[in-house]
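Data block below; observations after.
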Amino acid sequence: MIQILFVCLGNICRSPLAEGIFNQLVKGQHLSSYLLSDSAGTSDYHIGQQPDRRTILIGQKHNMPIRHVARQFIANDFEKFDYIIAMDQKNYQHIMSMRKNHSDYITKISLMRDFESNPADSRDVPDPYWSGEDGFQQVYDILYNSISNFIDHLKKEHQLS
Ligand code: 4NP
């Protein structure tokens with residue numbers, strides 16, 4: 001099983017939505033027996049909580065259930081996961097700073113928007129926590145595009161079809 005971890009700050013908005021989109025696309029392509037995802041937050045703000053109500057609503061709008069209990073990223077995740085995908089540069093830097101040695105795990109860790117089709121103004125998936133419903137739709141669109149390409153990348157890299 002190839003294991004993928006999506007990481008944001010609170011683990012209640014962007015990364016559980018990323019996990020939901022990933023799971024739905026993987027299921028649609030009959031790849032569920034090869035690819036397994038999880039999500040985590042770099043902060044401890046929302047440990048044990050359900051996803052934000054707006055995350056669940058945007059999922060419902062696109063017919064995808066978002067089920068997750070928030071947890072914090074831990075050092076063991078570096079070992080457990082094959083791919084660690086950070087939602088923004090702050091989360092990326094936070095994860096990078098948790099490594100024991102500077103050379104460790106670099107090839108596993110990426111930024112979500114590096115997989116987006118067209119180069120964007122920002123390298124960050126914007127934090128929608130303080131925004132309205134519009135912010136969540138924008139996040140959904142960015143994630144859908146980036147994750148579709150990420151799955152294509154996984155298929156090529158691991159010869160999945
Ligand atoms: P997330 O969004 O990182 O996409 O889950 C946030 C959730 C909570 C907070 C910030 C961002 N917060 O400050 O509590």
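Being a predicted model, the structure only gives us computed values, none of them experimental. Just so you know, ligand 1 is whichever comes first in the structure, and atom 1 is the first atom listed for that ligand.
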As a test of reading the model: which residues have a non-hydrogen atom less than 4.0 Å away from ligand 1? Cys8, Leu9, Gly10, Asn11, Ile12, Cys13, Arg14, Tyr45, His46, Asp127, Tyr129
Taking the six-membered ring for Trp, are Tyr140 and His62 parallel (under 30°), tilted (30 to 60°) or perpendicular (over 60°)? parallel
Testing the 3.5 Å rule here: is there a donor-acceptor pair between the side chains of Tyr45 and Gln72? no
Pairing residues for Gln93 by the side chain to side chain donor-acceptor pair (under 3.5 Å) criterion, not counting sequence neighbours: none
Could you check whether Ser15 and Asn11, counting side-chain N and O atoms only, form a donor-acceptor pair closer than 3.5 Å? yes
Do the non-hydrogen side-chain atoms of Ile106 and Met96 ever get within less than 4.5 Å of each other? yes
If we only count heavy atoms from C-beta on, is the Pro126 to Ile142 side-chain gap below 4.5 Å? yes
